[in-house]
Number of protein chains: 2
Amino acid sequence: MRNTLELGKSTEAGGVKAPETLAALAYQRLRQDIITGVFAPGQPLRLELLRQRYGLSFSPLREALNRLQTERLVASAALRGFSVAAVSTEEMWDATETRILIESEALRRSIEYGDDDWEARIVSTFHSLDLQARRMTNSETVSMEELSALEARHKDFHGALIAKCRSRRLIDLADQLYAETQRYRLPTLTGKTPATSRNIAGEHRQIMEAAFARNTDEAVALLTAHYRRTSESIERFMAEHMS
Amino acid sequence: MRNTLELGKSTEAGGVKAPETLAALAYQRLRQDIITGVFAPGQPLRLELLRQRYGLSFSPLREALNRLQTERLVASAALRGFSVAAVSTEEMWDATETRILIESEALRRSIEYGDDDWEARIVSTFHSLDLQARRMTNSETVSMEELSALEARHKDFHGALIAKCRSRRLIDLADQLYAETQRYRLPTLTGKTPATSRNIAGEHRQIMEAAFARNTDEAVALLTAHYRRTSESIERFMAEHMS
DNA sequence: AAAACTCTTTCTTTCGAAAATCAGACATGT
DNA sequence: ACATGTCTGATTTTCGAAAGAAAGAGTTTT
C-alpha cells in the first residue's frame, strides 16, 4: 500500500508551489507548522508522531527535517532525534541583524535595477497588505485564516521590494530569515496581534516611497529601523512576560 | 549485516569533526568529493554508484544529498535524482559578491570585538599558510595531499579573520560560500595551480596588518579586492579556455 | 516520414522492518 | 546513602526490498 503521489495540483497564491514528492510535501507542511507555532519552540519532534500526523513514512519526514535543520528551524542532537529550534533574544537579534544586512544590499540593488514592473508589483502588494490590515482592525474577532493571510501579504510586500536585486542567493537568504524571524512575531509568543502598537502601514509606505524616489540610503535606513523596532518591541515583551 | 557505526574518532585538524551518524559521514565525504572536484560539475550523482562508492545505503546518502542541495553544491530535479551543481560565471559572481557582503560585515565586527586571542590565531594561521605555500613553490611536483593541505590552511586563515564576529549565522554562511567558491579555484577547472599568478601571501599579509591596526575600512577594502581579483582571474581563464 | 503508442530498462522514491542507541529504572555492592 | 553496573522500553537510524516514474527503443498508425 502506498501513498499514490496525488499531490495538490493547485498553484496557490502566496508563493507556495505544489510539491512533487512526498518529501517536498513533508517539508512544506512541517515548515508551515513550525513557523505558525503549531509546534512550540523547543518541542521534540518525534518521528512516530509526525508519521501519524502527516500520514507519511520515516524517509520523507527525515529528509524534510534535515532541510529544515540547515535553515535553523529545526535542531537535532546526534542520536536523540529532532526538535523545533529554541527561541532566544540572542538568536532573534542575530537573525534580525543578518536579515538587515542581506535585505539592505538586496534593496539597494533592486532600487538600482528596478523597472516599472518592479514598482507595479510593490504598489500592488502594498495595497493588498493595507487592505487586509484595515479589514482586520475593523473587525473584533481575528480568525487564524485572516492572520495567515495578513502574514502572506506582508511577506509578498517585503519580497517585492527586493525582487529585482538579481541575486538568487540574496532572495533565498531573505526568505529563510523571514521564516526565522516570523516565529518571533507570533501572537502565541508575543501575546498581542500585530499591527496594533505601531503604525506599520505608515512605515511600509515610507519605505515604498523612498524606493520609488530612488532615495537608496533613506529607503535602507527606513527598512533597517522597521526591522529593529519590531525586534526591540518583541524583546521588551519577552523581558516582561518571561520570568 | 550492518555497518557498525565505528566512525573515525580522530578530531582532525582543519575544522573537520568526527561524524556521529552514517548520514553525517556521507555528508562530509560527499561534500569533500564535490568541492575537490572528484565529481565534476553537472555530473549526475546516481544513488547506486554512491552506495557502492561509500558502502552506505540509500537513506544516509539521500539525507546528505538533501543537505548539500540547500547549500547549492548539489542540484536535484523532481523525480530525476541528484547531480553536482553546475558551474557558471554568473553563479560564481553571485557567490563571490554574497561572500564579500557577508565576510565584510563579519570582518568589521571581528575587528571591533577581536582580542589578543583573535590576533594570535590569525598570526598562527597566516604563518601555517605561508609555510605551506613556500614549501610548494619550492618543489616542482605538487601532490594532491599538499594541495588539500594548502586549501585547509587557507580556509583556516580566512576563518580566523572573522572568528570573533559574534554571529553564528555569518560564520556559517561564510563557510558555505567558501565551499561554493572553492570549486571555482580548482586546478581541474582553472588549469593552473594556485598562488602562482598573484602575490597571494602579500595580499593576506596586508589584510592581516590592516585588521591589527584596527583600520576597518582598509581591511574590508583589501579583502573585497582580494576576492574580486580571484574571481576576475577565473573569469578570464574560463572565457579563454571554454569555447 | 512523423506522430502516437507501448514496452522495457533504469533510476528514484517510499516503505516498514531490523538494528543500534539512548535514557531511565532497578538492582548490586561499597 | 552513594556510586556502579545491568536491564528494559522507547526512539532513532539504517537497511534492502518494493513501488512508482522517467527516458529511450521499438512498433504501429496516420
Side-chain angles (χ1 to χ4, degrees), chain A residues 1-9 17-31 34 39-40 42-70 73-86, chain B residues 1-9 17-31 34 39-40 42-70 73-86:
Chain A
M1 184 114 45
R2 173 150 179 219
N3 207 324
T4 178
L5 240 297
E6 34 139 303
L7 309 143
K9 295 297 176 201
K17 278 166 234 153
E20 297 189 300
T21 67
L22 295 183
L25 177 69
Y27 170 77
Q28 281 187 10
R29 298 197 55 186
L30 261 169
R31 191 172 199 258
I34 290 170
F39 297 122
Q43 175 183 345
L45 294 168
R46 299 259 163 60
L47 272 307
E48 183 55 34
L49 177 88
L50 300 176
R51 202 176 70 82
Q52 289 178 11
R53 181 179 169 87
Y54 300 118
L56 300 171
S57 194
F58 296 118
S59 320
L61 288 171
R62 193 150 247 288
E63 284 186 22
L65 289 165
N66 265 288
R67 275 185 72 183
L68 291 167
Q69 194 194 351
T70 64
L73 292 174
V74 158
S76 87
L79 287 152
R80 253 168 286 167
F82 301 87
S83 59
V84 181
Chain B
M1 185 110 50
R2 174 152 179 216
N3 207 325
T4 176
L5 239 299
E6 34 138 304
L7 309 143
K9 295 294 176 203
K17 279 165 234 153
E20 297 190 302
T21 66
L22 296 183
L25 177 69
Y27 169 76
Q28 281 187 9
R29 299 197 54 185
L30 260 170
R31 191 172 199 258
I34 289 171
F39 297 121
Q43 175 183 344
L45 294 168
R46 300 259 164 59
L47 272 306
E48 181 56 33
L49 176 89
L50 300 177
R51 203 177 69 82
Q52 289 178 12
R53 182 179 169 86
Y54 300 119
L56 299 171
S57 193
F58 296 118
S59 319
L61 288 171
R62 193 150 246 289
E63 284 185 23
L65 288 165
N66 265 288
R67 275 185 71 183
L68 291 167
Q69 193 193 352
T70 65
L73 291 174
V74 158
S76 87
L79 287 153
R80 253 167 289 169
F82 301 88
S83 59
V84 180

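- Residues B/Leu47 and B/Leu61 share a closest heavy-atom pair of O-CD1, 4.1 Å.
- Here the C1' atom of nucleotide C/dA20 and the CZ atom of A/Arg80 are 15 Å apart, to the nearest Å.
- To the nearest angstrom, P of D/dT11 lies 16 Å from CG of A/Leu61.
- As a whole-Å value, the separation of B/Leu79 CG from D/dA23 P is 10 Å.
- One interatomic measurement links the two molecules: CG of B/Leu65 to C1' of C/dC11, which rounds to 14 Å at whole-angstrom precision.
- Remark: P of C/dT12 and CZ of B/Phe58 are 8 Å apart, rounded to the nearest angstrom.
- Rounded to whole Å, the distance from CG on A/Leu22 to C1' on D/dA19 is 12 Å.
- The side-chain heavy atoms of B/Phe58 and B/Glu48, taken from C-beta on, include a pair separated by under 4.5 Å.
- The distance from atom CZ of B/Arg67 to atom P of D/dT13 is 12 Å, rounded to the nearest whole Å.
- Shown for residues 45-53 of chain B: no residue has heavy atoms falling under 4.0 angstrom of DNA chain D.
- Annotation: side chain of A/Glu20 is not in contact with side chain of B/Leu79 (no heavy-atom distance under 4.5 Å).
- As rounded to whole Å, 13 Å separates atom C1' of C/dT14 from atom CG of B/Asn66.
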